[in-house]
Protein chains: 2
Amino acid sequence: MPAMPSGTRARARAETSRAILDEAHRQLAEQGAAALSLRSVAREVGMVSSAVYRYVASRDELLTLLIVEAYDAVGERAEAARDTDAPPRDQWRAVWRAVRTWAREHPAEYALIYGSPVPGYAAPAETIPAAGRVGLVLAAIVAEHGDPGAGAGWPEVLRADVLPGLSPALAVPAVVAWTQLYGTVGFELFGQYENVVVDRDAYFDAVADAAATAVGLP
Amino acid sequence: MPAMPSGTRARARAETSRAILDEAHRQLAEQGAAALSLRSVAREVGMVSSAVYRYVASRDELLTLLIVEAYDAVGERAEAARDTDAPPRDQWRAVWRAVRTWAREHPAEYALIYGSPVPGYAAPAETIPAAGRVGLVLAAIVAEHGDPGAGAGWPEVLRADVLPGLSPALAVPAVVAWTQLYGTVGFELFGQYENVVVDRDAYFDAVADAAATAVGLP
DNA sequence: CAGCGAGCGAGAGCACTGCTCTCGCCATCG
DNA sequence: CGATGGCGAGAGCAGTGCTCTCGCTCGCTG
């Protein structure tokens, strides 16, 4: 094989890491977080279980990595869905729909990040930035096009610096809308709307629209 | 011991069942659903693990029993919190607060019923009636005091017979409010509001109030 | 260029899990 | 009174997370 001054080792390591993550991803998608087993990941990747521990400190750390990837995936989708040239309400609806679509495509990942904390909970610090991406997209739309008058009547209960560029009046309804997005998607995904909501698409769009009104989108 | 024509056996069985359920409850509350182990329940109750299977078919069935109990517990709280003589908005707020309070007191139970489905999901049929109780309390308040005019603008996307006595126009915003209640409680409980919402009490009350307005409560 | 250390994979092992099956005891019903 | 069926105990299987030790070998350093 051609000379490889250094890097050989590092590259092999990166490849193995990737293979482990990919296989973990596959198992998560297929059987859910509870069924994800480090041993079976190892088996599938073609090594013995103890070797995996060279790459991942514990099963929990593996889950943390998957959580970050999931947050990034849905955040990326949300960012991509926003067409800044479109009318504000269309932007808003597109982002909402993107999150819902992603969630329906990746129910296990969605459950992992927005369902109950898996083992003993306590989301590690490294997940925080990734977790905020969708919220920031929504906040940006509100900041640019929201009518601050719509924020009247809400108390000021937020940390001042969370949503930069957003008028304090609109920050609270924005957080409410953000909550509503995930609450609605979660209820649909986890079966709470079974035998209740028939036309889920129309229902979802209606909720999105009401939220848009609440944050003062024209 | 005094004669016990029959019943002895049945009573012993009921007591053992109760002991198992109580211990399972305890473990759920202390360490969460993931850490609940049939073997350790057995150990604590003072029998061998295989004997527990005389009472409970599987770990999943145990979890199902706990789910039903949790639904009933929160439903009961919600029902008790409603004072039908109070002004509608006070009734509404009291029910919302009752759910939130229960959730904060029993985070593991809340996660069990409203978080991601634990193993391979699929909530068993026997949980359905218990699951509806809180929703029915909210629906009753809306049915009695909601202004149907507030329901204008929502599409009709629900099953017709889900919320008996509720005008179709108000049914959709009622479902939205129900979703919002659990979304808000869940976000608070699972740490999504960390570093975002400072005054959680005021925030929650404000959301409840906005929801009351949305369903046309005076 | 030779050699040493660090990274790595394999294997064995511990403590634990869910679940099954078999065995004996004993209360209950006929 | 005697048969039956419910029940608890024990052993056992397959699987899990995680640890520790052992050699190999790659690749940096003297």
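Order of the sequence lines fixes the chain letters, A, B, ..., with proteins taken first and strands second; residue numbering starts at 1 for each chain. Reckoned from all heavy atoms, side chains included, excluding hydrogens, waters and symmetry mates. Everything quoted here is computed from the prediction, not taken from an experiment.
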Does Tyr55(B) have a side-chain nitrogen or oxygen under 4.0 Å from the phosphate oxygens OP1 or OP2 of dG6(D)?
no

With sequence neighbours excluded, tell me which residues meet salt bridge (Lys or Arg N to Asp or Glu O under 4.0 Å) with Glu144(A).
Arg82(A)

Check this one for me: any side-chain N or O of Tyr53(A) less than 4.0 Å away from OP1 or OP2 of dC20(D)?
no

Start with the C-alpha distance between Asp201(A) and Arg100(A), add both sets of side-chain angles, then the distance that settles salt bridge (charged side-chain N to carboxylate O under 4.0 Å, His left out), and finish with yes or no.
CA-CA 10 Å; Asp201(A) 292 349; Arg100(A) 175 172 179 247; 2.9 Å; yes

Ile20(B) CD1 to dG18(C) C1': how many Å, rounded?
15 Å

Atom pairs under 3.5 Å: protein N/O with N/O of nucleotides 4-7 of chain C:
unit_1	atom_1	unit_2	atom_2	d
dG7(C)	N3	Arg9(A)	NH2	3.4

To the side chain of Arg39(A), which of dG17(D), dG9(C), dT17(C) is closest?
dG17(D)

Got a sec, which pairs hit side-chain hydrogen bond (donor to acceptor under 3.5 Å, both in side chains) with one end in residues 38-58 of chain A, sequence neighbours left out?
Gln27(A)-Ser40(A)

Could you check how far CZ of Arg11(A) sits from C1' of dG27(D), rounded to whole Å?
16 Å

Tyr203(A)-Thr184(A) side chain donor-acceptor pair, cut-off 3.5 Å
no

Can a donor-acceptor pair under 3.5 Å be found between the side-chain atoms of Ser50(A) and the base atoms of dG9(C)?
no

Enter the distance from Leu36(A):CG to Leu38(A):CG here, rounded to the nearest 0.5 Å.
7.5 Å

Residues which pass ring pair (Phe, Tyr, Trp, His ring centres under 6.0 Å) with Trp154(B), listed by chain and number, not counting sequence neighbours
none

Return each pair, listed once, that meets salt bridge (charged side-chain N to carboxylate O under 4.0 Å, His left out) where at least one residue sits in residues 70-81 of chain A; pairs must be two or more places apart or across chains.
Asp72(A)-Arg133(A), Arg77(A)-Glu105(A), Glu79(A)-Arg133(A)

Please report the interatomic distance NE2(His25(A)) to CD1(Ile20(A)), rounded to the nearest 0.5 Å.
15.0 Å

What parts of residues 40-49 of chain A reach DNA chain C, counting only heavy atoms under 4.0 Å away?
Met47(A), Val48(A)

Figure out the CG/C1' separation between Leu38(A) and dG15(D), and round it to whole Å.
14 Å

Value for OG1 (Thr64(B)) from CG (Leu112(B)), rounded to nearest 0.5 Å, stands at 9.0 Å

Would you indicate what Leu62(B) reaches in the nucleic acid, counting non-hydrogen atoms under 4.0 angstrom: base, sugar-phosphate, or nothing?
nothing

Quiz item: Arg59(B) side-chain donor-acceptor pair to dG18(C) base, under 3.5 Å:
no

